[in-house]
Colleague: 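One structure, pasted below without further comment.
Each chain gets a letter, A, B and so on, in the order its sequence line appears, and its residues count up from 1.
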Protein chains: 2
Amino acid sequence: MLDAAKQLNYVPNLAARSLVKQKSGLIGILINRAENEGFWRQFRYSQFINRLEQLLSGYGYHVVLFGLDAASPKLDIISERKLDGVFVVDVKTENFHLISSHFSVGVPLIVVDSIIDDALFYKVNYDYLDAFETMQATTSVQYEYVIIDNFNNKELLEHIAFASKLGPDSIHIMQNDQALELFLRKHEHKKGIILNEFAAISAAKYVDPANLTVICSAGCPEILPLSAGRFTFGDRKPEAAFQLMLQLLDNSMKGPDSSYIHVKADNN
Amino acid sequence: MLDAAKQLNYVPNLAARSLVKQKSGLIGILINRAENEGFWRQFRYSQFINRLEQLLSGYGYHVVLFGLDAASPKLDIISERKLDGVFVVDVKTENFHLISSHFSVGVPLIVVDSIIDDALFYKVNYDYLDAFETMQATTSVQYEYVIIDNFNNKELLEHIAFASKLGPDSIHIMQNDQALELFLRKHEHKKGIILNEFAAISAAKYVDPANLTVICSAGCPEILPLSAGRFTFGDRKPEAAFQLMLQLLDNSMKGPDSSYIHVKADNN
DNA sequence: TTGAAAGCGCTAACAC
DNA sequence: GTGTTAGCGCTTTCAA
């Protein structure tokens, strides 16, 4: 009677449960944020985070969102909250040793949009090699420059530059609108590739978007000017990251053989 | 000696601390998500969430991000995780009784972008009355239509419609691109107001953005076409929401007299 | 000052 | 099966 009523609106205290089960039921999404970052950086992971949260919630996990100071990331949250798994997005290579020291061994840690030569940690990146090859193969257009989104991870930047097969003078790394405009003025009326829909929006202020082909890494091709070319990755990255996390969570860290997951593009 | 070493890399277990202190140190940001929502809805709260997370983290709280099914929101997270405070964004009025039942009295609950006639809960909204008035006062342009972002909260929609002082035929609520195009075709070459930068991006596909004045409620005027007019709110909403939360958290629910906070625009 | 002990709300392990 | 108990890692209280 009283028991039934108690049962009816009984709510378990997950902090107490965490304590005894040694599992918090919390997954962290840690994302590097720069001080005065351009608007195109602020939105590029929104879709990824939203979708990932949706997937994790559907599986019973709760998501802790935490912004990291790219210069000196505070990672105590991982051990303090006993996070069951962690996604770290857009990591500076030189900060990575900090991360590895701040998490108990055995906690799945997935690094997104970063190349880190440590097989302990799984990486989820877009397959840029495949993307650039497919782009060249399916079109007769000769691209003469590429604009790369400004990732914190230097290795990833270099990898994308390499994948583009273009020379240093034809490559621009997003910094700010002024530098972007300057670069675009030098390449007016030429065809170019640009990473990230939001970066493309910036570029479209200075050149005819018809000359741009956008590699849609932010999951939002709808935002592009109609005349811009586009190359999309669909929903694949959050899905891939989620599946990988599940695998690591279930099979106690026995993940795929390679510590790199390369997310391929749609059949564009 | 051993003690010192232990001290050195001692990490408190916040779940245990929560249990005894009866405070989780967690703040929830609960945000309604529709099934197939247009892209302009997916990004409009990114800036708000990011900034709010930054402010709360700076104050020592951790943020739990949780997507709500607008149709039947699962709110157990509030009581299960013993959230110290909750932001609920974009709430359907008819779901609100669910919310009030799912949270223990005494937990600060701040509703964002919603009008709810319950003085128990604090509301943070942009001051649309002031915005429309200022816009009319500082320009000689005669606006002939307004496009309103599709909020879940019907009362807010009605309030904005009222604030615009335009008739039903001149008001369009964002639904999808087709309906938007149709509406815009009927008002070609006229001057109009549109809420939300991302909605404006959609509209700019169909009309000359020079005819649009955008009420920048997503904190991202940079994304707009250069020719579009703009009316900005700056960073004020996350700041206001944060300050209000602090007040409620510190003074044990003794907040401002009015349960409504109206965030004014910049000096545009 | 320093130390021991109780207890937060749960689960798991053990007894009955 | 059903009931009891120990203990997860902390903070707080009360004793020495």
Colleague: Identify each donor-acceptor pair in which a side-chain atom of residues 11-18 of chain A lies under 3.5 Å from a protein atom, sequence neighbours left out, and give them as a table.
Modeller:
from    : atom 1 : to      : atom 2 : distance (Å)
A:Asn13 : OD1    : A:Ala15 : N      : 2.8
A:Asn13 : OD1    : A:Ala16 : N      : 3.2
A:Ser18 : OG     : A:Leu14 : O      : 2.6

Colleague: Would you mind reading off the distance between A:Lys82 atom NZ and D:dC8 atom P, rounded to a whole angstrom?
Modeller: 12 Å
Colleague: Dot-bracket for DNA chain C, please. Rules: Watson-Crick or G-U, both distances under 3.5 Å, ( ) within the strand, [ ] when a pair crosses earlier ones, | for another strand, . otherwise.
Modeller: |.||||||||||||.|
Colleague: Do B:Ser46 and A:Gln42 meet the criterion of a side-chain donor-acceptor pair at a distance under 3.5 Å?
Modeller: no
Colleague: How are the rings of B:His262 and B:Tyr260 set to each other: parallel, tilted or perpendicular (split at 30° and 60°)?
Modeller: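 Parallel: the ring planes of B:His262 and B:Tyr260 meet at under 30°.
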Colleague: Would B:Lys237 count as a cation-pi partner of B:Tyr126, with NZ or CZ less than 6.0 Å from the six-membered ring centre and within 45° of the ring normal?
Modeller: yes
Colleague: Side chain of A:Ala16 only, please: which of D:dC10, C:dC8, C:dC10 is the nearest?
Modeller: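 From the listed options, C:dC10 comes nearest.
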Colleague: Write down the distance between CG (B:Leu19) and P (C:dA6), rounded to a whole number of angstrom.
Modeller: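 B:Leu19 atom CG is separated from C:dA6 atom P by 18 Å.
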Colleague: Is the B:Phe121 ring parallel, tilted or perpendicular to the B:Phe96 ring (thresholds 30°, 60°)?
Modeller: perpendicular
Colleague: Which whole-number value in Å describes the distance from A:Lys23 NZ to C:dC10 C1'?
Modeller: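 It is 16 Å, rounded to the nearest whole Å.
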Colleague: By the definition side-chain hydrogen bond (donor to acceptor under 3.5 Å, both in side chains), identify the one residue from B:Asp113, B:Asn196, B:Asp149 that meets it with B:Arg44.
Modeller: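 Only one option passes, and that is B:Asp149.
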Colleague: Could you check how far CD of B:Gln22 sits from P of D:dG9, rounded to whole Å?
Modeller: 19 Å
Colleague: Carefully, step by step, assess B:Phe87 and B:Tyr45 under the rule ring-ring contact (aromatic ring centres under 6.0 Å, His included).
Modeller: CA-CA 12 Å; B:Phe87 295 94; B:Tyr45 291 117; over 10 Å; no
Colleague: Would you tabulate the nitrogen or oxygen pairs shorter than 3.5 Å linking the protein to nucleotides 11-14 of chain D?
Modeller:
from   : atom 1 : to      : atom 2 : distance (Å)
D:dT11 : OP1    : B:Arg17 : NE     : 2.6
D:dT11 : OP1    : B:Arg17 : NH2    : 3.0

Colleague: Parallel, tilted or perpendicular for A:Tyr59 and A:Tyr61, by the 30°/60° rule?
Modeller: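 A:Tyr59 and A:Tyr61: parallel rings.
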